[in-house]
Amino acid sequence: MTTADYNFTVVIEQDEDGMYVGSVPSLKGCHSQGRTVDELMENITEAIELCVDAGDVIRAEHFVGVQQVHVRL
C-alpha cells in the first residue's frame, strides 16, 4: 500500500458547554470534539484516519474563508 500526505481543513466551533467541536468538510460526517483545541486536534486527526481507512471519499475542497455578518434584530 502506498502512502500519501493530505491536508484537511477543520472547522472549529465551541458549543454551549465550552467543548470544542471540529468537522472536516471534505469528509462527510467526520466530526470530533475536545475540552481544549489541542485535544480536539488530536481527536480529529484520529477521526480523519478512521474515516479514510473506512473508505470515505475525500471530496474536493476549496476553502474560501470565514466571515461574520452583523444583523440587528
Side-chain angles (χ1 to χ4, degrees):
M1 178 178 174
T2 61
T3 60
D5 292 328
Y6 293 93
N7 289 311
F8 292 93
T9 298
V10 178
V11 176
I12 301 173
E13 300 178 272
Q14 193 171 26
D15 69 14
E16 62 276 357
D17 297 324
M19 294 291 286
Y20 293 94
V21 180
S23 61
V24 182
S26 61
L27 292 169
K28 186 176 181 179
C30 188
H31 308 278
S32 194
Q33 63 183 13
R35 287 183 294 279
T36 65
V37 172
D38 288 339
E39 182 180 340
L40 166 63
M41 295 311 292
E42 288 178 25
N43 294 343
I44 200 72
T45 298
E46 182 178 340
I48 290 168
E49 291 168 349
L50 291 171
C51 288
V52 173
D53 286 347
D56 289 358
V57 175
I58 300 172
R59 299 181 299 200
E61 182 177 291
H62 297 82
F63 186 74
V64 175
V66 176
Q67 292 187 288
Q68 293 186 354
V69 175
H70 175 81
V71 177
R72 180 176 288 173
L73 302 174

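Residue numbers start at 1 and run along the sequence shown.
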Transitive ILVMFWY cluster of I58 at side-chain heavy atoms under 4.5 Å: who else is in it?
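When side chains under 4.5 Å apart are linked, the cluster holding I58 also contains Y6, F8, V10, I12, Y20, V24, L27, V37, L40, M41, I44, I48, V52.
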
Has D15 got a side-chain atom pairing as donor or acceptor with D17's backbone, closer than 3.5 angstrom?
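Side chain of D15 to backbone of D17: a pair is present.
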
Is there a side-chain contact (heavy atoms from CB on, under 4.5 Å) between M19 and Q14 once you walk through the steps?
CA-CA 6 Å; M19 294 291 286; Q14 193 171 26; over 6 Å; no

